[in-house]
Structures are given as C-alpha cells and as structure tokens.
Amino acid sequence: VQLQASGGGLVLPGGSLRLSCLASGRRFNMNFLAWFRQASGKEREFVGSITWSGGSPVYANSVKGRFTISRDNAKDTVYLQMNDLRPEDTAVYFCAGRQNRLVLSAQADSRAYEWWGQGTQVTVSS
C-alpha cells in the first residue's frame with residue numbers, strides 16, 4: 001500500500017484547507033486510516049481517523065468541530081477538511097493506514113500504523 005498526502009499550503013488564520021490522502025497498491029488490505037500532524041520540535045500528534053468500510057470518524061479534542069474526515073471509496077481517497085484554522089494547527093500533516101481498525105484508546109499510537117504518506121506542510125499565519 002502506498003499513501004500520498006497532498007493539499008497543504010499557507011493559509012490565513014480562520015481560513016480553510018482540504019488535504020487529500022490517495023491510497024494505491026493493495027488498498028483492499030487497508031481498512032483504517034488516520035491523520036497525524038507534527039509541528040516543528042514536537043511529537044507527532046493524532047488528528048483523527050476513519051474506517052474505510054463505514055462508521056463515524058473520530059477526532060482529537062484539539063480539532064473537534066473544526067476538522068472533518070471523509071472518504072471517497074471510488075477514488076481511494078480520504079480527505080481532511082480543515083476549517084477555522086489557527087496558528088497552532090501549523091504542522092506537517094501525515095496520513096497513515098493499517099489493515100484493521102484500532103480500538104479508540106490505541107488510535108493515537110503512531111507505532112500501530114503500517115503505512116505512511118510523505119506528509120504535506122500546513123502553515124497558518126498572517
């Protein structure tokens with residue numbers, strides 16, 4: 001499985017961006033995908049997750065109500081819609097996948113994911 005994240009850029013505070021994560025290869029092996037982010041000098045942080053076969057997304061408290069994760073099965077793509085962006089959202093954003101869904105308590109552990117995209121930079125600044 002290969003993951004390719006895209007859509008990052010520079011945006012003003014309060015603005016919006018939509019990131020995409022395109023899955024290729026043996027995509028049918030991957031049923032669970034998450035978004036992480038890593039700000040400069042900080043540890044990688046869980047943003048949210050979605051199960052490819054159905055169910056509601058899960059979000060970190062820091063982005064709940066502002067970010068939305070969705071999927072397009074026909075395009076093998078998962079999206080991260082980010083609204084009301086804040087300077088503290090500045091980070092490199094990664095998508096990560098694994099075969100099976102994780103229990104909620106384990107989803108934030110980056111070591112649990114088998115495949116990673118290359119990351120896309122999001123900068124929120126005036």
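Side-chain atoms are counted along with the backbone in the values below, which use heavy atoms only and exclude waters and symmetry mates. Small disclaimer: the values here were computed from a predicted structure and weren't measured.
- Considering every non-hydrogen atom in both Asp84 and Ser16, the closest pair reads N-OG, 4.3 Å.
- Val92 and Trp35 fall into different hydrophobic clusters, defined by Ile, Leu, Val, Met, Phe, Trp and Tyr side-chain heavy atoms under 4.5 Å apart, directly or through other members.
- Linking Ile, Leu, Val, Met, Phe, Trp and Tyr residues whenever their side-chain heavy atoms come within less than 4.5 Å leaves Tyr93 and Leu22 in two separate clusters.
- Hydrophobic clustering, with ILVMFWY side chains joined whenever heavy atoms are under 4.5 angstrom apart, keeps Val58 apart from Ile50.
- How far CG of Leu85 is from CZ of Arg66: 6.5 Å, rounded to the nearest 0.5 Å.
- Across all non-hydrogen atoms, the minimal contact from Ala23 to Trp52 is CB-CH2, 4.1 Å.
- If you take CD on Glu114 and CG on Leu3, they are separated by 10.5 Å, rounding to the nearest 0.5 Å.
- Residue Ser125 holds its OG atom at 8.0 Å from CG of Leu12, rounded to the nearest 0.5 Å.
- Between Ile69 and Gly48 the shortest heavy-atom distance is CD1-C, 3.3 Å.
- Both Val78 and Tyr59 belong to a single network of hydrophobic side chains, linked directly or stepwise wherever heavy atoms of I, L, V, M, F, W or Y lie under 4.5 Å apart.
- Remark: the backbone N or O of Gln4 is not paired with any side-chain donor or acceptor of Gln118 at under 3.5 angstrom.
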For side chain to side chain contact (heavy atoms under 4.5 Å, CB included), just list the numbers for Cys95 and Leu33, CA-CA rounded to whole Å, side-chain angles, deciding distance to a tenth of an Å, and then say yes or no.
CA-CA 7 Å; Cys95 53; Leu33 189 138; 4.1 Å; yes
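- With a 4.5 Å cut-off on side-chain heavy atoms, Met82 and Asp89 do not count as touching.
- Side-chain atoms of Thr90 come within 3.5 Å of backbone atoms of Val124 as a donor-acceptor pair (strictly under, hydrogens ignored).
- A distance-only check finds a donor-acceptor pair linking the side chain of Asn31 to the backbone of Ser53 [under 3.5 Å].
- Closest approach of Gly7 and Thr120 over heavy atoms only: N-OG1, 4.0 Å.
- Checked by atom type and distance alone, the side chain of Arg71 never pairs as donor or acceptor with a backbone atom of Asn73 at under 3.5 Å.
- Scanning all heavy atoms of the two residues, the minimum distance from Pro13 to Ser126 falls at CD-N, 3.8 Å.
- Annotation: Glu43, atom CD; neighbour count of heavy atoms from other residues, nucleotides and ligands within 6.0 Å does not exceed 12.
- The main-chain N or O of Val47 is never found under 3.5 Å from a side-chain atom of Arg37 such that the two would form a donor-acceptor pair.
- Under the 3.5 Å distance criterion, the side-chain polar atoms of Tyr113 are matched with a main-chain donor or acceptor of Gln107.
- Going from atom CD of Gln99 over to atom CZ of Arg26 covers 10.0 Å, rounded to the nearest 0.5 Å.
- The aromatic rings of Phe36 and Phe46 sit perpendicular, their planes meeting at an angle over 60°, well past the 30° parallel limit.
- Taking CH2 of Trp115 as the reference point, atom CE of Met30 lies at 7.0 Å (rounded to 0.5 Å).
- A single hydrophobic cluster is seen to contain both Trp116 and Phe32, as judged by linkage of ILVMFWY side chains at heavy-atom distances under 4.5 Å, directly or through other members.
- The two residues Gly8 and Leu19 come nearest to each other via the heavy atoms N-CD2, 3.5 Å.
- Between Tyr79 and Thr68 the shortest side-chain heavy-atom distance does not fall below 4.5 Å.
- Glu45 is listed as a side-chain neighbour of Ser62, based on a closest heavy-atom distance under 4.5 Å.
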